[in-house]
Number of protein chains: 2
Amino acid sequence: MKKNIPTLKQIAENLELSVSTISRALNNNGSISDLTKKKVIEEAKRLNYVPNIIAKNFRDKRTKTIGVIVPNLMHSFTGTILKGILLETERIKYKTIICETNDNIEKEKELLNRMLEFGVDGILMSLSKFTTNLSPLLKVLEKKPIILFDKASDKIPCTQIVTNEVKGAFNAVEHLINIGKKRIAIIKEKQGSFNSEKRFIGYLKALDQYRYPLDETLIFDVSNTTIEEGELLGEYIVNLKEKPDAIFCITDSLAIGIIKTLNKYNIVIPIEIAVVGFSNSDSSRVIKPNLTTIKQSGYKIGKLAVKQLIEEMRSEKDFFSSKSIEVNTKLIVRESTFVL
Amino acid sequence: MKKNIPTLKQIAENLELSVSTISRALNNNGSISDLTKKKVIEEAKRLNYVPNIIAKNFRDKRTKTIGVIVPNLMHSFTGTILKGILLETERIKYKTIICETNDNIEKEKELLNRMLEFGVDGILMSLSKFTTNLSPLLKVLEKKPIILFDKASDKIPCTQIVTNEVKGAFNAVEHLINIGKKRIAIIKEKQGSFNSEKRFIGYLKALDQYRYPLDETLIFDVSNTTIEEGELLGEYIVNLKEKPDAIFCITDSLAIGIIKTLNKYNIVIPIEIAVVGFSNSDSSRVIKPNLTTIKQSGYKIGKLAVKQLIEEMRSEKDFFSSKSIEVNTKLIVRESTFVL
DNA sequence: AAAAGCTAGGCAAACGTTTGCCTAGCTTTT
DNA sequence: AAAAGCTAGGCAAACGTTTGCCTAGCTTTT
């Protein structure tokens with residue numbers, strides 16, 4: 001379908017004025033008489049004129065677009081962050097291009113370059129599970145600002161907006177200590193991701209601070225933080241002679257899997273074994289007993305990430321930075337640890 | 001930070017060739033000798049040249065961008081559709097701008113116009129709950145193609161890609177009939193949304209086909225399809241003298257709420273009351289008993305929507321259409337209806 | 001009344017790319 | 001040997017917008 005899309009030129013011709021006058025009238029800059037302004041605005045409306053954003057971008061040498069790269073859009077915490085990002089970018093009239101890596105490192109690298117080609121002004125990014133090769137990131141960082149959020153890395157010299165993982169995990173374990181638990185286990189990732197490692201540190205810190213001895217047999221590793229892996233590991237745990245009396249799972253999914261198995265073997269939660277998760281997912285209120293968990297403010301992280309990015313885009317400095325903003329968490333106590 | 005971003009002109013000067021030759025060499029069109037091509041490519045690599053996508057867009061008068069408008073990014077079915085959309089757009093090297101309306105009609109209207117300003121080539125859209133004023137949509141449709149998905153409307157003259165809601169609901173109810181249930185209730189939305197209405201039709205159709213009498217007292221309305229509303233309505237239902245022996249809920253959330261309340265009153269599912277949901281959400285496998293539900297292929301819908309949009313963008317015709325593509329569902333039988 | 005200042009709007013260039021048309025100087029055909 | 005064809009690359013325009021600089025023709029100041 002061929003459309004005759006109205007341009008400034010068209011309006012100018014209809015009104016027998018110059019293109020620059022039209023531009024100035026519509027953008028309200030330069031000295032244009034009120035009468036002319038009025039006529040221009042009317043004619044623009046009559047023609048259904050919409051400024052050609054592509055031309056404007058071209059002239060301004062920027063797209064007012066930011067790129068967002070996440071491993072998995074459907075991960076519930078990521079979803080909350082995206083909501084924060086969208087709300088904030090929309091407020092400042094920026095566009096947001098979202099991509100998924102599915103934790104595929106090759107794809108991550110490709111998307112990073114694709115973002116440059118797409119002409120984004122900056123990038124918000126949550127790293128794939130095991131991003132090891134940092135050079136693609138560093139290369140992009142020479143041209144455009146990048147802010148890492150949630151799944152970050154201490155090794156990349158750019159601003160990071162993350163949950164205070166250590167403190168969150170600390171609070172979770174402290175809570176288990178407070179309700180009188182003695183043998184507190186942790187389930188973490190085998191190949192420590194950023195989040196897993198930090199949460200593990202929080203676990204260790206809490207034990208240390210409360211003079212709990214570190215018991216290696218209470219540290220469990222899984223390769224995937226899914227419900228199924230939780231269930232499977234649960235089978236192993238219920239068969240131990242010396243069971244833990246509390247389990248801190250680094251994700252809600254793992255915790256749900258564990259609870260499912262404990263339920264199956266009629267182990268009473270939280271009396272026999274208490275369970276804590278991390279994330280406050282939707283399902284944490286569906287599982288029976290309801291799951292005690294750590295609530296992270298994804299919304300806040302998203303919003304901060306955008307603000308920070310805009311700031312760096314406007315700055316005249318280069319984009320290397322070691323700034324790290326940590327957002328606090330909140331312990332949500334539910335049935336899985338609630339004892340009178 | 002001021003950057004000296006390399007352009008075709010720069011390469012041309014360094015190599016003492018014309019800009020057009022550089023363009024042709026890099027894009028491999030026009031007749032350029034292999035030697036020249038090689039030199040150009042080398043120099044481009046040396047300068048770290050990235051084509052200026054903004055200029056390219058400007059010249060081509062298109063952005064290779066599609067806009068996606070959804071009510072809520074975090075709704076799990078929407079998430080699956082978005083994944084389908086992202087995978088497909090990425091494959092064809094298109095960008096995707098995603099926005100959320102939060103079921104706010106004003107915002108929906110604004111975003112629609114924002115999309116035009118953003119210069120998208122086409123729009124994929126899932127309607128807000130109660131979009132009544134169709135004129136903003138029609139206005140956009142005069143300029144750019146729109147494809148509606150999931151939350152569609154029979155009243156809008158554009159292509160729609162939706163779940164076969166009627167058939168899905170029909171299968172759900174048919175399944176309840178097959179397991180011997182006699183008093184089959186439905187929980188739907190008070191102010192019928194597109195999906196709610198269609199699912200209700202499926203319910204009616206199944207009753208009709210199996211000669212079940214229509215019992216108005218078995219039709220329940222809620223104003224929100226949340227877990228909480230399900231729980232609340234559950235309280236009402238368990239107190240009825242004449243209870244249903246099966247409940248078809250038009251969403252998984254409602255079904256989960258119902259199950260929670262039934263569990264609370266120790267009503268045995270599915271013997272006393274069977275429950276079916278719609279969507280196959282994550283939580284449907286977390287609730288105990290696991291929920292029987294209707295699986296929709298969001299991935300397929302997303303992919304189809306993109307394909308259809310691209311087709312319409314390329315077409316020379318106008319963008320009005322009454323095409324409707326329905327994607328089939330699958331009944332997933334779990335504990336909440338499973339009887340031997 | 002001459003000079004200075006102001007108001008309203010025009011001219012033209014620039015952003016980086018692609019492409020239709022052109023042509024010099026070969027090579028091949030008759 | 002003249003004509004035709006081909007190869008490799010150049011010229012210049014175009015996309016729509018914004019903006020620095022300019023100026024005609026007023027009005028105000030001295």
Side-chain angles (χ1 to χ4, degrees), chain A residues 2-44 47-65 93 116-121 143, chain B residues 2-44 47-65 93 116-121 143:
Chain A
K2 283 284 145 289
K3 291 257 120 201
N4 215 0
I5 293 166
T7 64
L8 293 185
K9 194 173 161 205
Q10 178 126 63
I11 301 179
E13 278 166 8
N14 291 1
L15 260 39
E16 294 188 308
L17 286 166
S18 79
V19 171
S20 37
T21 302
I22 309 301
S23 171
R24 288 190 172 104
L26 292 174
N27 292 303
N28 226 347
N29 65 22
S31 58
I32 307 291
S33 72
D34 287 347
L35 177 64
T36 306
K37 243 181 234 175
K38 188 163 155 289
K39 283 199 288 187
V40 169
I41 290 168
E42 261 170 21
E43 182 67 6
L47 293 178
N48 217 339
Y49 172 77
V50 177
N52 181 326
I53 197 78
I54 316 180
K56 203 178 261 179
N57 282 340
F58 174 52
R59 185 168 203 285
D60 296 347
K61 288 165 149 286
R62 66 168 180 185
T63 53
K64 283 195 158 202
T65 302
K93 300 198 191 299
L116 280 193
E117 280 176 24
F118 279 172
V120 300
D121 295 340
K143 304 195 181 179
Chain B
K2 285 282 144 293
K3 291 258 119 202
N4 213 0
I5 292 167
T7 64
L8 292 184
K9 195 174 162 204
Q10 178 126 62
I11 302 178
E13 278 166 9
N14 290 3
L15 260 40
E16 295 187 307
L17 286 165
S18 79
V19 171
S20 38
T21 303
I22 309 300
S23 170
R24 289 191 172 104
L26 291 175
N27 293 303
N28 226 347
N29 67 23
S31 56
I32 306 292
S33 72
D34 287 347
L35 177 65
T36 306
K37 244 180 232 174
K38 189 162 154 288
K39 281 198 289 186
V40 170
I41 289 167
E42 262 170 19
E43 183 67 6
L47 293 178
N48 217 340
Y49 171 78
V50 177
N52 181 325
I53 197 79
I54 317 180
K56 204 178 259 181
N57 282 340
F58 174 52
R59 184 168 204 285
D60 296 347
K61 290 164 147 287
R62 67 167 179 185
T63 53
K64 282 195 161 200
T65 302
K93 301 200 190 298
L116 279 193
E117 279 176 24
F118 280 172
V120 299
D121 296 340
K143 303 193 182 181

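Naming: A, B, ... by sequence-line order, numbering from 1 per chain. Hydrogens, waters and symmetry mates play no part in the numbers below; they use all other heavy atoms, side chains included.
For Ser20(B), the side chain to side chain donor-acceptor pair (under 3.5 Å) test picks out Ser18(B), with sequence neighbours left out. With sequence neighbours excluded, no residue satisfies salt bridge (charged side-chain N to carboxylate O under 4.0 Å, His left out) with Glu13(A). The salt bridge (charged side-chain N to carboxylate O under 4.0 Å, His left out) search around Glu42(B) returns Lys38(B), not counting sequence neighbours. Scanning for side chain to side chain donor-acceptor pair (under 3.5 Å) contacts around Lys37(A) gives Asn28(A), with sequence neighbours left out. Applying the side chain to side chain donor-acceptor pair (under 3.5 Å) rule to Glu43(B) yields the partners Asn14(B), Arg46(B); only residues at least two apart in sequence or on another chain are considered. Every side chain to side chain contact (heavy atoms under 4.5 Å, CB included) that Thr36(B) has, sequence neighbours left out, goes to Leu17(B), Thr21(B), Ile32(B), Ser33(B), Val40(B).
Lys64(B) places its NZ atom 12 Å from the P atom of dT18(C), with the value rounded to the nearest Å. Rounded to an integer number of Å, the gap from CG of Asn29(B) to C1' of dT7(D) is 16 Å.
Here the CG-CD1 distance, from Asn27(B) to Ile22(B), works out to 11.0 Å after rounding to the nearest 0.5 Å. Atoms NZ and CD1, from Lys61(A) and Ile5(B) in turn, are 6.0 Å apart once rounded to the nearest 0.5 Å. In this structure, CD1 in Ile11(A) is found 6.0 Å from OH in Tyr49(A), a value given to the nearest 0.5 Å.
Consecutive Watson-Crick or G-U pairing (both distances under 3.5 Å) extending over three or more pairs maps onto DNA chain D as C:1-30 with D:1-30.
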Report, as a single string ordered 5' to 3', how protein heavy atoms within less than 4.0 Å touch nucleotides 9-17 of chain C: B base, S sugar-phosphate only, - not at all. BBBB-BBBB

With 3.5 Å as the limit, what N/O pairs link the protein to nucleotides 23-29 of chain C?
none

Contacts table for residues 52-59 of chain B: side-chain donor-acceptor under 3.5 angstrom, sequence neighbours left out:
{"residue": "Asn52(B)", "atom": "OD1", "partner": "Ile54(B)", "partner atom": "N", "Å": "2.8"}
{"residue": "Asn52(B)", "atom": "OD1", "partner": "Ala55(B)", "partner atom": "N", "Å": "2.9"}
{"residue": "Asn57(B)", "atom": "ND2", "partner": "Ile53(B)", "partner atom": "O", "Å": "3.4"}

